[in-house]
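See structure below.
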There are 2 protein chains.
Amino acid sequence: MSSTASKDDERVEEAEKLQTHRRGSGVSTVYETLRNEIIELKLPPGSPIDEQQLSDRFALSRTPIREALVRLAAEGLITTLTNRATIVSNIDFLGLPEFFDALTLMYRVTTRLAAANYADGDIAAILVQQKAFEAAVISRDVLGMISTNRDFHIAIAQAGRNRYYVELFTRLLDEGRRILRLYYSSFNDVLPRQYVGEHEEMIQAIINRDVTLADSLASAHADQIVGQIRSYITADSRQNATLAL
Amino acid sequence: MSSTASKDDERVEEAEKLQTHRRGSGVSTVYETLRNEIIELKLPPGSPIDEQQLSDRFALSRTPIREALVRLAAEGLITTLTNRATIVSNIDFLGLPEFFDALTLMYRVTTRLAAANYADGDIAAILVQQKAFEAAVISRDVLGMISTNRDFHIAIAQAGRNRYYVELFTRLLDEGRRILRLYYSSFNDVLPRQYVGEHEEMIQAIINRDVTLADSLASAHADQIVGQIRSYITADSRQNATLAL
DNA sequence: TGTATTTTTATTGTCGACAAGAAGTCGGCA
DNA sequence: TGCCGACTTCTTGTCGACAATAAAAATACA
């Protein structure tokens with residue numbers, strides 16, 4: 001049960017704080033907490049999810065825990081083996097081409113729609129996220145870059161005012177976060193700096209309501225990111241490849 | 001509760017049959033049954049969902065009922081007012097433009113991908129659905145047309161091999177079924193006959209792997225359907241509009 | 001008679017306990 | 001010694017009951 005001391009202590013503290021709940025609040029707390037931990041790979045793919053354990057941790061009965069788990073399962077973040085275990089869903093490397101295709105399409109569509117539909121306040125919201133991303137890049141906070149980049153693009157999607165796209169895009173970006181987390185140690189800072197510039201161009205195109213430009217910028221941006229992920233996954237780090245034997 | 005006698009009898013029989021369940025089967029039965037009834041407007045938007053009542057109907061405790069409801073809520077098919085009632089979600093007429101936009105995009109993308117990616121057996125599966133649609137059109141079974149049309153396009157989407165699109169498209173088509181059900185009495189048979197032809201063209205384009213043609217056919221088809229829904233919604237049936245007063 | 005306040009009631013949210021199913025364990029047998 | 005089957009155990013799935021909450025009803029008051 002208790003694998004690493006420090007992390008468990010941390011969690012216990014969390015549990016203590018949550019001893020008292022407002023009636024329906026517990027389940028969303030559990031849901032959001034687990035969701036974050038899954039996306040941030042604190043709970044790596046394949047981790048077993050034990051209801052009893054969570055019940056202890058959050059000081060709740062198994063019923064609300066279960067409800068949170070059902071929601072996570074509906075989102076595909078966890079997988080339940082009936083009558084047996086429930087585990088954090090694996091990252092589907094086989095399905096990566098589908099993922100890239102959908103991600104690219106959503107980048108384009110949401111950016112297009114933002115340019116076409118944005119209203120008062122939307123640009124401000126986008127700029128807030130862009131500043132946060134910039135800050136993360138400057139301070140070389142790789143994990144921060146990953147999550148603020150996501151927030152930036154979701155802000156754009158929201159300006160586009162289409163809930164179906166926002167929902168799918170959110171899921172895709174969060175799945176992307178999981179993947180990027182796997183490789184974040186390989187991040188260098190040339191690409192992120194480039195992203196800052198690309199983001200700025202996109203914002204400008206949106207402001208100018210230039211749908212066509214927004215589209216092509218988003219498309220190029222998506223290609224960049226997809227290419228980045230691809231290169232991390234297929235990176236050739238065989239130190240001994242050219243060794244004379 | 002008891003609106004039409006025959007259908008309620010049917011339900012009772014259903015319930016009786018389910019007196020014994022394999023361990024995890026009850027919840028998916030409840031989920032699927034309710035899902036269908038919502039989409040087919042047997043449970044109209046705004047209908048209260050009473051957990052106790054469902055518990056009686058399916059001869060299950062409230063716990064598995066609740067799990068099914070959570071899943072339906074995650075899909076947006078029902079809305080839960082915390083601590084109060086849970087009702088069948090209303091059809092969002094305000095969000096119709098977003099819906100049409102996403103629907104059209106999914107029509108195009110899935111048909112494109114089908115042309116690009118279909119493999120052995122996919123065409124056969126599509127043809128089966130097309131035959132079913134044709135049969136529904138010939139026998140003027142409007143409700144059948146609505147559901148077989150959905151199945152036809154989902155078969156195409158599946159041939160395209162992108163689970164993200166399949167999932168979103170399924171949701172959109174089912175939401176469309178709810179809307180069309182509202183107006184199905186206004187169906188005439190000129191449009192459905194045209195759809196049969198359009199479907200055949202689409203199939204041919206897919207078989208020929210003509211992505212561009214598949215796209216434009218899908219686009220036109222989507223426009224047709226969107227236009228049809230629009231015309232139903234905004235239909236001017238004021239009998240007394242031109243009455244001399 | 002109309003409004004504010006208390007009481008009732010109906011329904012959801014939560015709980016602890018039990019039942020069923022599957023994996024792992026142990027013992028028996030060839 | 002290796003394989004098969006019963007047994008144990010652990011986790012999930014289900015149940016019935018209780019608690020909290022908000023609407024509705026009933027009551028008191030101006």
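Reminder, nothing fancy here: chain letters follow the sequence lines and each chain counts from 1. Atom set for the values below is all heavy atoms of this structure, side chains included, hydrogens, waters and symmetry mates excluded.
At the heavy-atom level, B:T80 lies nowhere under 4.0 Å from the strands shown. Residue A:L69 is classed as having no contact, given no heavy-atom separation below 4.0 Å to the nucleic acid.
The distance between atom CD of A:E67 and atom P of C:dT12, rounded to the nearest whole Å, is 13 Å. Spacing between atom CG of B:L81 and atom C1' of D:dA23 amounts to 12 Å, rounded to whole angstrom units. Atom-to-atom, CD1 of A:I65 to C1' of C:dT14 comes out at 11 Å; the value is rounded to the nearest Å. Note: CD (A:Q53) to C1' (D:dT12) measures 15 Å, nearest angstrom. One interatomic measurement links the two molecules: CG of B:L54 to P of C:dT11, which rounds to 12 Å at whole-angstrom precision.
No side-chain heavy atom of B:L143 sits under 4.5 Å from any side-chain heavy atom of B:F187. Counting heavy atoms from C-beta outward, A:R161 and A:D122 have side chains that approach closer than 4.5 Å. B:I78 has its side chain out of reach of B:L34: every pair of non-hydrogen atoms, C-beta onward, lies at least 4.5 Å apart.
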Which letter, B, S or -, goes with each nucleotide of nucleotides 15-22 of chain D from 5' to 3', with contact meaning a protein heavy atom under 4.0 Å?
BBB-BBSS
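Partners of B:N83 under the side chain to side chain donor-acceptor pair (under 3.5 Å) rule, at least two apart in sequence or in another chain, are A:R23.
With respect to B:R177 and B:D174, a salt bridge is recorded, a charged nitrogen being found less than 4.0 Å from a carboxylate O. A salt bridge links A:E37 to A:R57: at least one charged side-chain nitrogen sits closer than 4.0 Å to a carboxylate oxygen.
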